[in-house]
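This report refers to the structure that appears directly beneath it.
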Amino acid sequence: MPSLGADMDAGTLVEWLVRAGDTVHRGDPMAVVDTDKSAIEVESFDDGVVEALLVEPGTRVAVGTPLARLVAVGMTVAAPEQSAAPAAASRPAPSPGQVVVPAPSPGPVVVPVGGRPGGRVSPYARRLARELGVDLDRVSGSGADGAVHAEDVLAARATTTEQVPDSPAVEEPVALESSAPPARSARSARRETIAALMSRAKREIPHYYVATTVDLHALTEWLRRTNRERSVAERIVPAAAVLKAAALAARRHPGLNGFWVDDAFVPAPEVHLGVAVHVRDGALVAPAIHRTADLSLPEVMAALRDLVSRARAGRLRRAEMADPTLTVTDLGDQGVEEVIGVIYPPQVALLGVGRVVERPWAVDGLLGVRPTVRLTLSGDHRATDGATGARFLTTLDELLQHPEEL
Amino acid sequence: MTITREQARDVVERAVRRIVPDADVASVGDDADLRAAFELDSLDFLSFVELLATETGVRIDEDDYPELTTATGCTDLLVRRAG
Amino acid sequence: MSGRPLLATRKETTGTRNGRRLDLLREMTRIRVFEERCVELYSATKIRGFLHVAIGEEAVAAGVCGLLEDDDAVVSTYREHGHALARGVPMDSVMAEMYGKVTGCSRGRGGSMHLFDASRRFYGGNAIVGGGLPPAVGLALADRMRSRRRATVCFFGDGAFAEGEFHESLNLAALWHLPVLFACENNLYAMGTALAKSHAQTDLALRAASYGVASWTVDGMDVLAVEEATARALERIRNGGGPVFLELRTYRFRAHSMFDPDRYRDKAEVAAWRERDPLELLARRMREDGELTDADREVLVAEATAEVDAAVRFAEESPLEDVDELTRFVYSDPAEV
Amino acid sequence: MTTAPVTTTETTYREALREALREALREDDRVFLMGEDVGSYGGCFAVTLGLLEEFGPERVRDTPLSESTFVGAGIGAALGGMRPIVEIMTVNFSMLALDQILNNAATLLHMSGGQLNVPLVIRMTTGAGRQLAAQHSHSLEGWYAHIPGLKVIAPATLEDARGMLWTALQDPDPVLLFEHGSLYNMSGALATGAGHVDIQRAAVRRPGRDLTLVSYGGSLSTSMTAADELSAGGIEVEVIDLRVLRPLDDATIMESVRRTHRAVVVDEGWRSGSLAAEVSARITEQCFFELDAPVERVCSAEVPMPYAKHLEEAALPQVATVVAAARKVVS
């Protein structure tokens, strides 16, 4: 059971997407796991054949519990206690007609795991990884003998998790944790998780709020014009443009893009905007659009649609859950004009987006009716001051006046 | 290609159910605001429009969105454009 | 700490020769009965650890301590029950200490070898041979620097003679003319090693004298001789004459400790010393002088037995220290300083 | 609001210690000083120079070469109401007095069930660096820090040399004050009004975010120099001066390690069973999940201190070895 979030101790295996005997490749989804926050797809970290599924659907197990066993493709499954093949030099030459059996695999490959193959992880790095939801298997260590230190975890946290793991992971099976009481529904568990996270945020983070109203005339006009040339599927909604602009603004104001860890702000090198998504069963998730600022606006739009649909289908990937560096919550569709949001720890800021409303608006002394949106930045006062938040909103405003450049 | 009012109406209902699986359009009435009734956000609505367009081959522009507020409006537009 | 008035019994009767002798016999009887009971209680596992009794050496404790003033100080060894009792440390608290009870004179942290009573200036209870001498010198130094007319008595055994601290302490006390009475209980054995086997020169007073310390040898089985020598020594000390060394020749009738099979002593030697039992020696003399009847002795033993009985009862009934208090008294509690 | 300017005096560690002794002798008539050559000679390291003339032979007492007895006499005098300050020339010599320090000074309070506290201060020189070889150069204060009932302090700065003694004298229990021999000539500016300091807390002598360097006494200057060098290379080191070796101020150490996630302990004692081992163990016990690298120790080589200068230097923690250890844990 992989750790799919900072506060995850255990998860429920909802559904297997593979069967024993299936060949899987690195990155293939293998199972759906319910983390109390949402259902998430768990992918394979290796190529191989599924030898055994170790956990029944519906079972709740502790983080670190092996879920399945993979063996390398083409390898004979060897008993773990069987000794490794003798070295070539000392191996007797095969007698005529005798079939040379391939060397046994070093042992079953257990996937996924929270540990690290023979590699060292500093205790602090381990703790940080747990808190930030970083999968240590995907962190390459910079220390002696590849030891993982805190900065490696932070670096991994900040980039997409596309590094290749060093080697197959083998870890002692962990005893199964007994299932949660059946009376506790997934929905209430999710609520509890959100409750805990938000309580912590309100308890620990001294929030400040700055807000502004932005004239969206230029954006809506530009969208109206450009969307005409786009198929329905490719049309861009204003929210996507706000996201892209917010990502660019975050890059320009890095003090708002990162994490508050151990009484200090750790900036994130990339902008992975979190998007608050209300799942229909009442859950709230805020998965990330990776490298938001580097994507073109149509790519942001596509990513947004993909993310929201998968969030609602319970098919988020763990990296998406773990990675946001700054979250945007857009409740305009719910009809409100202003959102004054609560920051997701350990992030240090949250952008609230309201409904696009037509308001009387004065431009150059002349009154007109313009589409406007209310943007509110919640900032962690430990990390930044209101001035930083204000400059961020000003930047955002300026960016939204030039949608063609987004 | 032309479609009947019944067919158009059917497309609308299926599109809504694709987005909100347990939605029952009949129960909210043909003149109810679909977005409000089924809590469709802008992305949902985009998907909804996309489904209407692909199922019927009708071109739908953003300027048409106001007409797509109710089931009746949707049906009207699809029948008109397909014809 | 509460308890009976310090040496009140002795003071009440001081002045008549009869009363003084009877007091000395009473004190020695208390110690004897107490020590015999300790042996019994040790065998019954009521007392644990190391137990060193002073049966046979009662004359030293009674003869020396009986003459001390309230503000004099006593530093002793691990065979110190008698010294403590003679100094006026309440028997209840001594017995409770043996039992490891919180009502013990060291709250159960010292045991037999570490009896303390600050209110009576009884500074232990030192189980390192020779280890008590330097602090005794320091106590005397403080008195001298404060111009207090006090004496510090330091008990130690012949074994301490072999330790460097003995020699250093005698030298320093003599050098600085400090008011210390070095009371050496020479019972001829350092645990199992005879004096003659560990010292080339066995005349201890002679050796002490070489440091410039007034030194006398005394019959430690004769309580009257001990008392007389002590009186002379204290007079000299209080008058600024510097330290005095007394070699008190005595003998322990029992083995070194309860663990000691006593293989190193000739039974005849023990028997010969038993002939000079300090209690019998004084009683015989008092009887000859018509100061004591057999009935009187029985009364003394009965009184002592009753006191020991009461002390045992007190110890049995006393509570143990709360384990939460374990680390108390490692450093002074600011609230108690 | 105006603040009076702080005037300072140029002074040395030795003079600061002497001024503290002088103040103590002047302010409290229970205080007296006792030790080998503290009087006529002026102190083996000249700390007590001039005090005999000022306070007389009753209060500045030369003793025979009897460490055990003059330390024990200090204990007795403390029990008798005085506030003795006993000087032992070097920590190596204090082994002769270990019986009194361990079996009496440290135990009397507990063994007597709280009746007898021993308000005694013992000063001694510790440490190497002056080619005094194997019987005058060791850093054994860690051994004393092992003993419950004692307080062990190690002034490393002029302020502490000036201010720790008085506080130690106010303590109801025995306090051992270790003066590193190489510090006596250390000079600097000391505030004119400098006086009593606490003997409870460690001090952060230099703030930093990358690494905590725990040090004390003679190793502090080595650590500070190493920190300067590391800073030039972009590694910001927080240097902690333990000041009090027993009881250790865990809070200050752990607070720092929780921020830096890395620690190096510099201790002139031998590595095995050292104070550095204790500090390292506590960091592991209390900050295991904060550590981003194993705790490193820089200690003296496990040899009796040699005489030859180059060998002695090789045996001692040097700036370069501290820097190397720091780089190792930060890399």
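Remember, it's a predicted structure, so these values are computed and weren't measured experimentally. Atoms considered below: every heavy atom in the structure, side chains included; atoms not considered: hydrogens, waters and symmetry mates. Quick note on labels: first sequence line is chain A, next is B, and so on, each numbered from 1.
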Any chance [atom1] of [X] has more than 12 other-residue heavy atoms, nucleotides or ligands included, within less than 6.0 Å?
X        : atom1 : result
D:Gln135 : CD    : no
C:His199 : NE2   : yes
C:Phe50  : CZ    : no

Task: Side chain / backbone / both / neither for C:Arg150 at chain D, heavy atoms under 4.5 Å - done: neither
Mind ranking [options] by heavy-atom pairs under 4.5 Å with chain C and telling me who comes out on top?
options                   : value
D:Asp99, D:Ile75, D:Thr63 : D:Asp99
D:Met82, D:Arg61, D:Met34 : D:Arg61
D:Ala78, D:Gly76, D:Gly74 : D:Gly76
D:Gly81, D:Ala77, D:Pro84 : D:Ala77

- [ ] Please assess D:Thr107 against C:His114 for the test side-chain contact (heavy atoms from CB on, under 4.5 Å), listing each intermediate value before the final yes or no.
- [x] CA-CA 11 Å; D:Thr107 57; C:His114 304 295; over 6 Å; no
- [ ] State the CG-CZ distance between D:Asn117 and C:Phe329, to the nearest 0.5 angstrom.
- [x] 11.5 Å
- [ ] Working to the nearest 0.5 Å, report the span between CG of C:Asp117 and OG of D:Ser112.
- [x] 10.0 Å
Open item on the list: Looking only at heavy atoms and a cut-off of under 4.5 Å, which of C:Val137, C:Ile128, C:Leu178 has the most pairs with chain D?
Closed with: C:Ile128
TODO: Write out, in numerical order, the residues from residues 151-171 of chain C with a heavy atom short of 4.5 Å from a heavy atom in chain D.
DONE: C:Glu165, C:Glu168, C:Ser169, C:Asn171
TODO: Output, in order, the C-alpha distance, side-chain angles, deciding distance and verdict of side-chain contact (heavy atoms from CB on, under 4.5 Å) for C:Arg146 and D:Arg30.
DONE: CA-CA 9 Å; C:Arg146 298 317 246 178; D:Arg30 299 172 303 172; 3.4 Å; yes
Please classify the contact between [X] and chain C as side chain, backbone, both or neither, with a heavy-atom cut-off of under 4.5 Å.
X        : answer
D:Leu96  : neither
D:Asp29  : both
D:Leu79  : both
D:Leu102 : neither

Taking all heavy atoms of [X] and all of [Y], pick out the closest pair and write down the distance.
X        : Y        : result
D:Gly80  : C:Leu139 : N-CD2, 3.8 Å
D:Ser68  : C:Pro134 : O-CB, 3.9 Å
C:Leu172 : D:Pro64  : CD1-CD, 3.2 Å
D:Glu58  : C:Met145 : O-CE, 3.3 Å

Task: C:Met113 and D:Met111, any side-chain heavy atoms less than 4.5 Å apart - done: no
Is [X] reaching over with its side chain to a backbone N or O of [Y], donor-acceptor style, under 3.5 angstrom?
X        : Y        : answer
C:Tyr331 : D:Leu150 : yes
D:His110 : C:Arg328 : yes
D:Gln115 : C:Phe116 : yes

TODO: Would you mind telling me which of D:Val71, D:Asn104, D:Thr69 makes a side chain to side chain contact (heavy atoms under 4.5 Å, CB included) with C:Pro135?
DONE: D:Asn104
Task: side-chain contact (heavy atoms from CB on, under 4.5 Å) evaluation trace for C:Ser332 with D:Leu109 - done: CA-CA 8 Å; C:Ser332 298; D:Leu109 180 69; 3.8 Å; yes
